[in-house]
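One structure is given below, encoded as structure tokens.
In listed order, ligands and their atoms are each counted from 1. No experiment lies behind these values; they were computed from the predicted model shown. Note that these values count all heavy atoms, side chains included, but never hydrogens, waters or copies made by symmetry.
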Amino acid sequence: MATATATATAPSRPKVRHTECFVGGKWIPAASGKTFDTLDPATEEPIAQVAEGDGEDVDAAVRAARDALESGPWSKMDARDRGRLMNKLADLIEEESEELAALETYDNGKPIRDARAADLPLTIDCLRYYAGFADKIQGETIPVRGNYFTYTRREPVGVVGQIIPWNFPMLMAAWKWGPALAAGCTVVMKPAEQTPLTCLRMARLAQKAGIPDGVINVIPGYGPTAGASIVKHPGVDKIAFTGEYKTAQIIMRDAAPTLKRLTFELGGKSPNIVFADSDLDAAVAGAHFGLYFNQGQCCCAGSRVFVESKIYDKFIQKLADINAKRKIGDPFDPETEQGPQVDKAQFDKIMHYIDLGKKEGAKCVTGGKRVGSKGYFIEPTLFTDVTDNMSIAKDEIFGPVMNVLRFKDTEDIVQRANNTFYGLAAAVWTRDVGKAHALAKAIKAGTIWINCYDVFDAAAPFGGYKMSGMGRELGYKGLEAYLETKTVTVALA
Ligand code: NAI
Ligand code: MG
């Protein structure tokens, strides 16, 4: 019952409006007639049957995207009007943000408070940020030898295939549509099979905003079929992918015959380094948030927490206290801080690593068990006495499992922090400014947070060193991945 003081209400499970492929502005079943179930991870019950797109559907989507790119209204539209339509899409998402947040919670299992506070505002902000770029994409005039005038044009890279994961479904769509639309590209997107629903709704809102048919096409389906068809299609110019590095390796091979442009945003095993001279309470809160946020399903999760020996015991105690208070349960309850993992495969993978951690001799201080018997809920798990060579310290677990390691001094920690084939993010907690910046320079990662964690902004480039990725998303860097450079030289009279 609503009270005068209630600020956040529990939404009910929303109605699902779109389950088909979105091609050339039309909703169509998969050519094969096949469908797959998308499940509610909190109850394990099916939510809806969704079209299982495949090669034939991808082919139709690529043709629609090609037409929109080369002959449709998109190709003739002034850049400023492209930006206006993108802003309109952001406005429509904002108007519908309560329903979209609930749909995201339903399909993914994330707490409604996170969907409301993070996924929706970041999605809207990203589209508005890139809308502002649409009419500010400029070439250069270049001084060359001889009596010539040389200039460059920045042109859309073309039809882009965008393959996204399930951990932030709407936000990943916005990170990919934003720069693509600003650049004037057209899109064939494959949402993750676990979470296709919000992407399909966003496609409808894009149409309502006036983005011409064929500019955005969405083919729900599985990776090795729908995903691989996009990657191999000769009519696709670029692939933007977020997911596992092993999938990126397959995509790289499949894209080789057509030499597609590739950008990858992959996983991590990010070090979160806490020095004895830090603000301890802030560091504890940052470590907790940096790992357990989104059920631990973040590419940049601070999954190797290195704590200086002097404060190690105190740090663990404080962390265990916060873990004990973490509220797990119904993701639609606005008080809930942790929902279920996205599916059974992820649940099983995480439970396997929890077993492995125990076998390898790490100490399980909190959690370690499933919560309840329905839904993929796992207790916030804290391992201490973790050493660098344990599997739990090396592999991406992608769940609510924190590993805390000890360190003695700065030199030791730089080498250990870099001792991974990943390089997505890192954080440093210290009051010593010089030390903080020295570590920011020494650590090989695409993002370094100092005295904070998971601070994202549409303007700040994000991506990985080493096997955490190729290229950058967000910011102007992210836009450039969607542009070709054409050089034009004119002989002067
Ligand atoms: P995945 O990399 O297999 O899936 C991501 C996307 O790629 C999905 O849309 C999927 O359908 C598609 N895909 C899969 N195989 C493909 C192929 N051969 N060609 C084209 N597209 C393909 O990741 P998955 O299986 O969902 O999760 C496995 C692990 O990957 C997780 O446990 C986690 O460690 C990591 N992961 C990392 C993410 C990140 O944000 N960097 C996001 C999701 C998963
Ligand atoms: Mg996979």
Side-chain angles (χ1 to χ4, degrees), residues 36 38 41 50 52-55 58 107-108 110 119 161-169 171-173 175-176 188-200 218-233 236 239-256 260 262-270 293-301 303 341-353 376 378 391-392 394-401 420-425 446-447 454 456 462-464 466-471 473:
F36 66 98
T38 183
V50 178
E52 187 190 323
D54 203 339
V58 166
D107 213 10
N108 168 281
K110 64 176 65 205
D119 298 74
Q162 303 186 319
I163 299 172
I164 57 170
W166 41 263
N167 51 348
F168 295 92
L171 185 59
M172 290 301 100
W175 281 26
K176 295 202 164 31
V188 178
M189 173 164 276
K190 193 196 85 62
E193 55 273 27
Q194 295 87 344
T195 55
L197 299 178
T198 46
C199 177
L200 291 169
V218 180
I219 305 291
Y222 291 102
T225 48
S229 301
I230 296 174
V231 175
K232 290 176 185 166
H233 202 294
V236 173
I239 298 292
F241 166 76
T242 300
E244 193 179 12
Y245 78 89
K246 289 178 189 157
T247 311
Q249 291 171 328
I250 297 171
I251 290 176
M252 216 170 189
R253 277 199 294 274
D254 284 349
K260 288 187 174 59
L262 300 173
T263 45
F264 291 148
E265 202 268 275
L266 311 173
K269 196 72 188 177
S270 298
F293 174 60
N294 209 40
Q295 294 67 246
Q297 302 168 146
C298 296
C299 48
C300 53
S303 50
Q341 308 308 128
V342 77
D343 67 4
K344 180 154 192 313
Q346 292 300 312
F347 175 87
D348 289 343
K349 174 182 169 182
I350 297 160
M351 293 311 286
H352 164 75
Y353 274 106
Y376 308 114
I378 300 177
S391 316
I392 55 168
K394 289 200 287 201
D395 301 347
E396 182 175 58
I397 301 174
F398 230 60
V401 182
T420 167
F421 62 73
Y422 288 116
L424 191 61
T447 291
D454 273 350
F456 279 90
F462 183 77
K466 300 191 267 182
M467 286 176 71
S468 286
M470 264 177 36
E473 295 191 287

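Each of the atoms 19 (N), 20 (C) of ligand 1 lies under 4.0 Å from some heavy atom of A228. Proximity to I163 (heavy-atom distance under 4.0 Å) selects the following atoms of ligand 1: 6 (C), 7 (O), 9 (O), 12 (C), 20 (C), 21 (N). Interface of G227 with ligand 1, defined as ligand atoms under 4.0 Å from a residue heavy atom, comprises 19 (N), 20 (C), 21 (N). Residue T242 has at least one heavy-atom neighbour below 4.0 Å for each of these atoms of ligand 1: 5 (C), 40 (O). Taking a cut-off of under 4.0 Å to the non-hydrogen atoms of I250, the atoms of ligand 1 that pass are 18 (N). Those atoms of ligand 1 with a heavy atom of G267 less than 4.0 angstrom away are 41 (N). Interface of P165 with ligand 1, defined as ligand atoms under 4.0 Å from a residue heavy atom, comprises 42 (C), 43 (C). Close approach to L266 involves these atoms of ligand 1, each under 4.0 Å from a residue heavy atom: 41 (N).
Atom 9 (O) of ligand 1 has its closest protein heavy atom at I164 O, 2.8 Å. Of the protein's non-hydrogen atoms, the one nearest atom 25 (O) of ligand 1 is E244 OE1, 4.3 Å.
Relative to atom 38 (C) of ligand 1, the option among Y245, F168, F398 with the closest non-hydrogen atom is F398. Across the listed options I230, T247, T195, T247 owns the non-hydrogen atom lying nearest to atom 2 (O) of ligand 1.
The shortest separation from a heavy atom of W166 to ligand 1 is under 4.0 Å, placing the residue in contact.
Between V342 and N167 there is no side-chain heavy-atom pair separated by less than 4.5 Å. Using a 4.5 Å cut-off on side-chain heavy atoms (C-beta onward), F398 and S303 make no contact. Residues L424 and Y422 fail the side-chain proximity criterion, which asks for heavy atoms closer than 4.5 Å.
Counting heavy atoms closer than 4.0 Å to ligand 1, residue E193 contributes side-chain atoms (C-beta onward) but none from N, CA, C or O. Under 4.0 angstrom from ligand 1, the non-hydrogen atoms of K349 all belong to its side chain.
Looking at every heavy atom in both residues, V188 comes nearest to I219 through CG1-CG1, 4.2 Å. Among all heavy-atom pairs drawn from M252 and L262, the shortest one is CG-CD1, 3.7 Å.
For atom 4 (O) of ligand 1, the nearest protein heavy atom lies 4.0 Å away or farther.
Here F462 contributes atom CZ and W175 contributes atom CH2; the two are 5.0 Å apart, rounded to the nearest 0.5 Å. Rounded to the nearest 0.5 angstrom, E396 CD and S270 OG are separated by 8.5 Å.
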